[in-house]
Amino acid sequence: MSLRHYLSVTDLSPAEVRETLLLASDIKRNPGKYRQALAGQTLAMIFQKKSTRTRVSFEVGMYQLGGHALFLSGADIQIGRGETIEDTAKVISRYCNGIMARVYGHDVIEDLGKYATVPVINGLSDLEHPCQTLCDVQTLVEHWTADGGFDPDVLRGKTLCYVGDGNNMAHSLLDTGAATGLNVTIVAPADYAPSPVIVERARKLGEQTGAKIVVSTDPISGVQGADCIYTDVWASMGQEEEAQKRQRDFAGFQVDETMMRRANPGCLFMHCLPAHRGEEVSAEVCDGPRSIIFDEAENRLHIQKALMVRLMGGR
Ligand code: CP
């Protein structure tokens with residue numbers, strides 16, 4: 001297996017994204033087949049930021065694959081006292097079979113990848129959240145494939161509209177849509193647009209896979225034609241002091257029933273969580289019949305098990 005790290009969705013080719021989705025679906029349906037897949041292996045989990053889903057799903061996932069996970073808070077290991085990422089990556093590689101890290105700057109995850117001699121997985125950086133968006137498309141495939149089947153081709157020609165901050169979630173959704181043929185529209189206020197570099201790379205890949213990539217500032221027209229509306233908090237971790245300004249700047253961008261009615265009939269609602277009901281999404285939508293947020297959260301477990309089997313299996 002040539003793939004060594006998963007720092008970005010773009011580390012996987014469209015064919016590898018498809019294989020990973022199919023593997024995640026098989027692992028979910030037949031967990032017993034994979035019970036010893038990573039027997040005796042250890043995953044180091046470095047967290048510079050807080051987490052519920054990422055921490056629990058990776059730790060449980062390693063246990064279910066026969067391995068073990070170590071929780072390493074950034075504040076408690078020597079990184080917090082200035083030890084370099086290079087030395088940290090080299091040392092942890094001598095003890096563990098893989099590293100998953102949640103960091104602020106994307107350069108930190110890239111440096112871990114540069115210096116580690118074991119696979120590194122991005123558990124969220126300020127630029128990308130690539131584990132989340134693979135589980136998001138896994139969840140859509142489950143909901144859109146007829147008769148309980150799992151056919152990643154159902155994504156082709158469907159449209160996901162992300163409404164909110166053009167942040168790491170928007171970036172990884174762009175990459176994931178482009179890899180799978182899922183059209184992605186990002187609707188964000190002008191000052192919160194996604195990275196033009198990532199929009200451009202998604203457009204280029206989308207030309208090969210058929211995914212249409214659109215960026216808009218209009219939450220009224222932007223959601224028309226959407227089969228799924230997705231949002232995230234307006235102030236991400238590390239932006240708490242901007243929360244009040246952002247509430248003003250994002251006025252009109254709340255996903256509520258009026259917005260859902262502008263989309264296609266049967267439009268689903270997704271959120272990576274944690275959610276702030278009454279801010280980026282109304283409680284009615286978040287907890288309503290079109291919301292698939294808990295299926296989505298569960299699939300973090302299955303997709304990450306698939307990623308770890310791909311990256312760490314056979315070692
Ligand atoms: N969606 C997500 O990454 O959740 P956590 O921040 O709880 O890990």
Side-chain angles (χ1 to χ4, degrees), residues 6-9 20 24 43-64 69-76 98-106 108-109 112 120-140 142 160 162-177 184 186 194 228-240 243 246 255 268-277 279-281 285-287 291-308:
Y6 184 63
L7 310 183
S8 169
V9 177
T20 306
L43 177 76
M45 307 191 301
I46 300 173
F47 281 92
Q48 294 188 323
K49 296 181 177 184
K50 294 192 187 308
S51 167
T52 298
R53 280 143 289 272
T54 305
R55 177 179 175 180
V56 176
S57 55
F58 268 105
E59 188 160 343
V60 170
M62 272 305 282
Y63 174 74
Q64 292 181 353
L70 278 180
F71 173 73
L72 303 170
S73 157
D76 294 338
I99 300 172
M100 186 281 296
R102 166 164 288 196
V103 301
Y104 285 94
H106 194 70
V108 174
I109 198 84
L112 281 170
V120 176
I121 299 174
N122 182 355
L124 179 147
S125 69
D126 285 350
L127 193 68
E128 301 186 37
H129 197 359
C131 291
Q132 178 67 49
T133 56
L134 278 195
C135 98
D136 295 334
V137 289
Q138 181 190 355
T139 310
L140 287 172
E142 288 173 350
L160 178 148
Y162 172 93
V163 181
D165 188 13
N167 60 11
N168 48 8
M169 277 307 312
H171 295 156
S172 290
L173 284 168
L174 286 164
D175 287 334
T176 304
V184 175
I186 304 292
C228 170
I229 295 182
Y230 198 119
T231 191
D232 186 12
V233 292
W234 290 336
S236 296
M237 286 179 278
Q239 298 170 333
E240 287 79 6
R246 283 171 174 259
V255 181
L268 299 172
F269 171 73
M270 300 185 92
H271 193 308
C272 50
L273 303 177
H276 292 176
R277 291 167 176 79
E279 293 183 21
E280 75 277 3
V281 59
V285 169
C286 199
D287 301 313
S291 172
I292 55 171
I293 57 175
F294 297 114
D295 294 339
E296 189 184 355
E298 179 192 331
N299 281 336
R300 290 293 301 276
L301 173 67
H302 308 296
I303 203 80
Q304 290 160 193
K305 284 170 74 177
L307 283 167
M308 291 190 289

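Both counts, for ligands and for their atoms, begin at 1 and track the order of listing. Excluded from the calculations below are hydrogen atoms, water molecules and symmetry mates; all remaining heavy atoms, backbone and side chain alike, are included.
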Determine the minimum heavy-atom distance between A69 and E59, stating which atoms define it. CB-CA, 3.8 Å

What residue and atom, counting heavy atoms only, is the protein's closest point to atom 6 (O) of ligand 1, and at what distance? R102 NH1, 2.8 Å

Least distance between heavy atoms, Q48 atom then Y104 atom: O-CE1, 3.4 Å

Only heavy atoms of L273, strictly under 4.0 Å: list the atoms of ligand 1 that pass. 1 (N), 2 (C), 4 (O)

For P130 and S172 the tightest heavy-atom approach is N-OG, 3.6 Å

Consider every N or O of M237 and every N or O of ligand 1, then say whether any pair is closer than 3.5 Å. no

Contact with ligand 1 for R300, non-hydrogen, under 4.0 angstrom: yes

Do H106 and N122 make a side-chain contact, defined as non-hydrogen atoms from C-beta onward lying under 4.5 Å apart? yes

At a 4.0 Å cut-off, with the gap strictly under it, does some heavy atom of L124 reach an atom of ligand 1? no

Should one rank M169, R53, H129, E296 by closest heavy-atom distance to atom 3 (O) of ligand 1, which comes out on top? H129

Provide the closest heavy-atom pair for D126 versus N168 in the form atom of the first, atom of the second, distance. O-CB, 3.5 Å

Could you list the atoms of ligand 1 found under 4.0 angstrom from a heavy atom of Q132? 1 (N), 2 (C)

Of all protein heavy atoms, the one nearest atom 7 (O) of ligand 1 is T52 N, 2.7 Å

For the backbone of T139 and the side chain of D136, can you confirm whether one donor and one acceptor N or O come within less than 3.5 Å of each other? no

Option from Q132, R300, K49, M45 for which side chain to side chain contact (heavy atoms under 4.5 Å, CB included) with T54 holds: R300

For ligand 1, indicate whether the residue R55 contacts it via side chain, backbone, both or neither (heavy-atom separation under 4.0 Å). neither

